[in-house]
Amino acid sequence: MPSTEKRISEKRMTVVTRFAPSPTGFLHIGGARTALFNWLYARHHGGVFRLRIEDTDRKRSTDDAIQAIVDGLEWLGLDWDEETVFQSARSERHAEVARSLLGTGQAYYCYASQEELEEMRQTAKKEGRPMRYDGRWRDRDSSEAPQGVDPVIRLKAPQEGETEIVDQVQGTVRVANEQLDDMVLLRADGSPTYMLSVVVDDHDMGISHVIRGDDHLTNAFRQTLLYRAIGWEAPSFAHIPLIHGPDGAKMSKRHGALGVETYREMGFLPEALRNYLLRLGWGHGDDEVISTEQAIEWFDLNGVGRSAARFDFAKLSNLNGHYLREAEDQRLVDILCADFYGEVTPLGRKRLLAGMAGLKPRAKTMKELADLGQFYVSGRPLVFEEKAQKLISKGGADLIAAIAEALQKVENWNEDELEKSIRALSEQREMKLGAVAQPLRAALTGSSVSPGIFEVAAILGREESLGRLSDAQEQMQTFSISAD
RNA sequence: GUCCCCAUCGUCUAGCGGUCUAGGACAUCAGCCUUUCACGCUGAAGACACGGGUUCGAGUCCCGUUGGGGACACCA
């Protein structure tokens with residue numbers, strides 16, 4: 001009723017945002033984006049980004065999940081400020097606020113049973129009314145309370161009028177108070193509900209901006225009512241659209257959402273995921289490739305779109321390929337050895353590093369990069385892919401021998417000399433260069449696809465290259481004689 | 001069922017009344033490059049959901065329809 005015209009003056013207060021996941025599973029992609037937006041908003045404004053673990057549901061919360069969330073945020077490079085708040089540790093404070101509301105008449109004890117509540121929902125549904133608690137204990141005296149029933153504390157919410165929130169993304173949204181019921185603040189066992197905890201914690205933590213998923217929009221109304229009842233000023237809300245799966249439905253743990261660690265395992269780089277997530281629902285003109293530094297400078301709530309976006313692996317892969325090409329070779333080698341290969345010898349690492357420039361542009365993910373570079377770290381003899389076997393068989397033992405012979409004569413084992421030698425051989429045999437280069441590639445890499453073969457041979461070195469050539473020669477007989 | 005939100009190429013989006021014969025990116029297709037595969041470059045195809053208004057003028061504002069999504073716990 002108070003004309004909500006109260007101007008939220010652009011005060012110079014510090015921006016404090018938070019990411020508040022419940023540790024019931026991994027950090028999924030939607031949560032990661034919410035965290036990213038909060039982080040960017042805080043960093044952009046030189047504010048504070050905090051982490052709060054909403055573990056009030058002790059039955060479903062696990063330490064593993066907390067660890068997964070922390071690991072996920074760290075991997076993504078989203079660092080938070082100040083100490084992490086564990087909601088479960090604050091239940092006494094939450095209960096205290098609920099009780100104080102009892103004192104001011106803004107809340108009341110309710111003794112309704114589960115059965116009664118279920119019945120209310122059924123009737124409401126049947127009568128086409130919103131499914132809500134009917135307020136039967138609103139004005140009843142506790143003296144009427146049934147014996148042996150532990151009551152819950154409910155908020156005495158206004159039943160008429162409407163509640164409005166001015167959302168930074170969704171704009172002004174109002175809902176009739178009739179739609180909102182007297183929500184439970186404190187459970188029968190004395191534990192606080194989510195709605196209460198969130199409001200108290202956000203207030204106590206000094207959160208100025210609540211940026212979260214769209215699915216919380218209706219909660220914002222209830223929370224607004226609570227803020228009002230307590231007499232606190234509500235933070236600024238920004239409800240960002242959800243990420244949908246390729247099928248257009250909300251991504252959830254049940255529905256296609258993967259933990260960030262899975263993206264890591266699939267070979268995506270954190271900076272690529274950050275860039276992709278940023279562009280999912282946020283835009284800055286035609287800019288696509290946006291560095292994190294640039295993102296901090298540009299990020300802004302009014303760049304956030306209002307409609308849900310579908311997750312698209314193809315675009316993420318493309319972006320990943322871009323960042324892969326930009327990445328330092330040494331870093332790539334380190335990731336490969338740590339996450340994708342088993343034991344890698346120092347020599348293998350050296351070759352991998354030397355060959356990285358040629359490998360990089362051919363991969364979109366670290367996984368692909370790992371497969372592509374496998375031949376640099378594998379010991380002899382190589383396992384030959386089917387296509388490689390065919391290439392070698394087709395060329396014939398004679399050709400492999402000729403190649404080996406030609407290479408043996410190369411004095412300076414470098415890319416140029418090697419190329420000259422093979423070109424000469426192909427001319428001499430009146431063959432196209434490819435007809436010679438492909439069998440050579442197959443013998444040196446075990447594959448039909450690789451970086452430039454002379455570069456590969458140069459990096460592998462004379463001894464290794466000739467060794468692989470003779471391996472191919474020896475193993476030829478064992479190749480399934482698939483003429484084609 | 002009730003309430004809320006959304007609606008531009010297949011996907012992500014630019015567009016904040018005229019400069020839109022609607023731009024970019026990914027994906028797709030064609031070509032160039034080439035020892036393979038990529039990378040890179042060039043080009044092609046491809047969208048304002050529909051219907052009413054408002055206005056000199058609407059992708060841009062309003063209403064409705066349709067379609068999608070979300071929320072309705074002593075879960076968070």
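By convention in this document, chain letters (A, B, ...) are assigned in the order of the sequence lines, proteins followed by strands, and residues within each chain are numbered from 1. All values derive from a computational prediction rather than experimental measurement.
- When rounded to the nearest whole Å, the span between CZ of F221(A) and C1' of U2(B) equals 14 Å.
- Comparing U13(B) with U8(B), their C1' atoms are spaced 9 Å from each other, to the whole Å.
- As judged by a 4.0 angstrom heavy-atom cut-off over every strand, G321(A) is placed among residues making no nucleic acid contact.
- Note on N318(A): a side-chain N or O is less than 4.0 Å away from OP1 or OP2 of A27(B).
- Judged by distance alone, with hydrogens and angles left aside, R441(A) brings a side-chain donor or acceptor within reach of the base of U35(B), the pair sitting under 3.5 Å.
- One can place CD of E419(A) at 8 Å from P of U35(B), the figure rounded to the nearest angstrom.
- F237(A) and Y227(A) have perpendicular rings, their planes meeting at more than 60° on a 0 to 90° scale where under 30° would count as parallel.
- Remark: U11(B) base-pairs with A25(B). Criterion, Watson-Crick or G-U wobble with two distances under 3.5 Å.
- Remark: the D214(A) side chain and the G70(B) base include no donor-acceptor N/O pair separated by less than 3.5 Å.
- The phosphate of G1(B) (OP1 or OP2) has no side-chain N or O of R121(A) nearer than 4.0 angstrom.
- When the P atom is used for both C56(B) and A49(B), the distance is 25 Å, rounded to whole Å.
- Distances shown here put every side-chain N or O of R310(A) at or beyond 4.0 Å from the OP1 or OP2 atom of G68(B).
- Within 6.0 Å of the CD atom in E119(A), the count of heavy atoms belonging to other residues, nucleotides or ligands does not exceed 12.
- Side-chain proximity of V184(A) to the nucleotides C74(B), A71(B), A38(B) is greatest for C74(B).
- Nearest nucleotide to the side chain of H216(A), out of C74(B), A76(B), U35(B): A76(B).
- Backbone-only engagement by R154(A) is indicated by non-hydrogen atom pairs under 4.0 Å involving sugar-phosphate atoms exclusively.
- Distance from the side chain of V449(A) is smallest to C37(B) among U13(B), C74(B), C37(B).
- Enclosure of atom CD in E368(A) by more than 12 non-hydrogen atoms of other residues, nucleotides or ligands within 6.0 angstrom is indicated.
- Inspection of the R441(A) and S450(A) side chains reveals an N or O donor paired with an N or O acceptor under 3.5 Å.
- For Y108(A) and D182(A), the side-chain atoms include at least one donor-acceptor pair closer than 3.5 Å.
- Picking from C3(B), U35(B), C5(B) the nucleotide with the shortest atom distance to the side chain of Q170(A) gives C5(B).
- Heavy-atom distances under 4.0 Å link RNA chain B to no residue of residues 371-378 of chain A.
- Across U54(B) and C63(B), the matching P atoms stand 15 Å from one another, rounded to whole Å.
- A salt bridge does not link K360(A) with E326(A): none of the charged nitrogens is closer than 4.0 Å to a carboxylate oxygen.
- The nearest whole Å value for the distance from the CD atom in E127(A) to the C1' atom in C72(B) is 17 Å.
- Sequence order on RNA chain B of the closest nucleotides to A363(A) and A112(A) puts A363(A) first from the 5' end.
- Across all strands shown, D55(A) has no heavy atoms under 4.0 Å from either base or sugar-phosphate atoms.
- Candidate nucleotides C26(B), U36(B), A71(B) were compared by shortest atom distance to the side chain of K315(A), and C26(B) ranks first.
- Using bins of under 30°, 30° to 60° and over 60° for the plane-to-plane angle, the ring pair F311(A)/F313(A) lands in the perpendicular bin.
- Nearest to the side-chain atoms of M195(A) among the listed nucleotides C74(B), C39(B), A76(B) stands A76(B).
- Distance check on atom P: G64(B) versus G46(B) gives 34 Å, rounded to whole Å.
- Listed nucleotides A76(B), G70(B), G24(B) differ in distance to L242(A); the shortest reach to its side chain belongs to G70(B).
- Note on P241(A): nothing from the nucleic acid sits closer than 4.0 angstrom, heavy atoms only.
- Counting non-hydrogen atoms under 4.0 angstrom, E54(A) reaches the backbone sugars and phosphates but no base.
- Among the protein residues, F311(A) comes within range of no part of the nucleic acid, since none of its heavy atoms lies under 4.0 Å from any strand.
- Donor-acceptor pairing under 3.5 Å is recorded for the side chains of R274(A) and T292(A).
- The aromatic rings of F37(A) and F299(A) sit tilted relative to each other, their planes meeting at an angle between 30° and 60°.
- Rounded to an integer number of Å, the gap from Q122(A) CD to A73(B) C1' is 13 Å.
- For D416(A) and K420(A), the salt-bridge test fails: no basic side-chain N is under 4.0 Å from an acidic carboxylate O.
- A188(A) comes within contact range of at least one nucleobase, with a heavy-atom separation under 4.0 Å.
- Nearest nucleotide to the K250(A) side chain, out of U13(B), C74(B), G70(B): G70(B).
- The side chain of Q179(A) lies closest to U2(B) when the candidates are U36(B), C12(B), U2(B).
- As judged by a 4.0 angstrom heavy-atom cut-off over every strand, K364(A) is placed among residues touching the sugar-phosphate backbone only.
- We find that CG of L225(A) is positioned 16 Å from P of C72(B), with the value rounded to whole Å.
- Here T56(A) lies in heavy-atom contact (under 4.0 Å) with sugar-phosphate atoms only.
- Of the P atoms belonging to A25(B) and A45(B), the separation is 15 Å, rounded to the nearest Å.
- Of the candidates A76(B), C6(B), C12(B), the closest approach to any side-chain atom of R279(A) belongs to C12(B).
- When the P atom of U36(B) is taken as reference, atom CD1 of I453(A) falls 12 Å away, rounded to whole Å.
- Distances shown here put every side-chain N or O of K387(A) at or beyond 4.0 Å from the OP1 or OP2 atom of C37(B).
- Atom name P, nucleotides U11(B) and A27(B): the rounded distance is 16 Å, in whole Å.
- Within 6.0 Å of CD on E127(A) lie more than 12 heavy atoms contributed by other residues, nucleotides or ligands.
- Look at T218(A) and you won't find any side-chain N or O under 4.0 angstrom from OP1 or OP2 of C3(B).
- The partner of C32(B), taking Watson-Crick or G-U wobble pairs whose two distances both stay under 3.5 Å, is G40(B).
- A residue-by-residue look at E455(A) and R129(A) shows that R129(A) has its nearest nucleotide of RNA chain B further toward the 5' end.
- You won't find any donor-acceptor pair under 3.5 Å spanning the side chain of R132(A) and the base of C72(B), going by distance alone.
- Taking the P atom of each, C20(B) and G59(B) are spaced 13 Å apart, rounded to whole Å.
- If you take CG of L425(A) and P of U35(B), they are 16 Å apart, rounded to a whole angstrom.
- Straight-line distance from the NE2 atom of H239(A) to the P atom of G69(B): 20 Å, rounded to whole Å.
- U2(B) is paired with A71(B) under the criterion used here, namely a Watson-Crick or G-U wobble arrangement in which both key atom distances are under 3.5 Å.
- The residues E92(A) and R99(A) are annotated as salt-bridged, a charged nitrogen and a carboxylate oxygen being separated by less than 4.0 angstrom.
- Rounded to a whole angstrom, the distance from the C1' atom of U21(B) to that of U55(B) is 23 Å.
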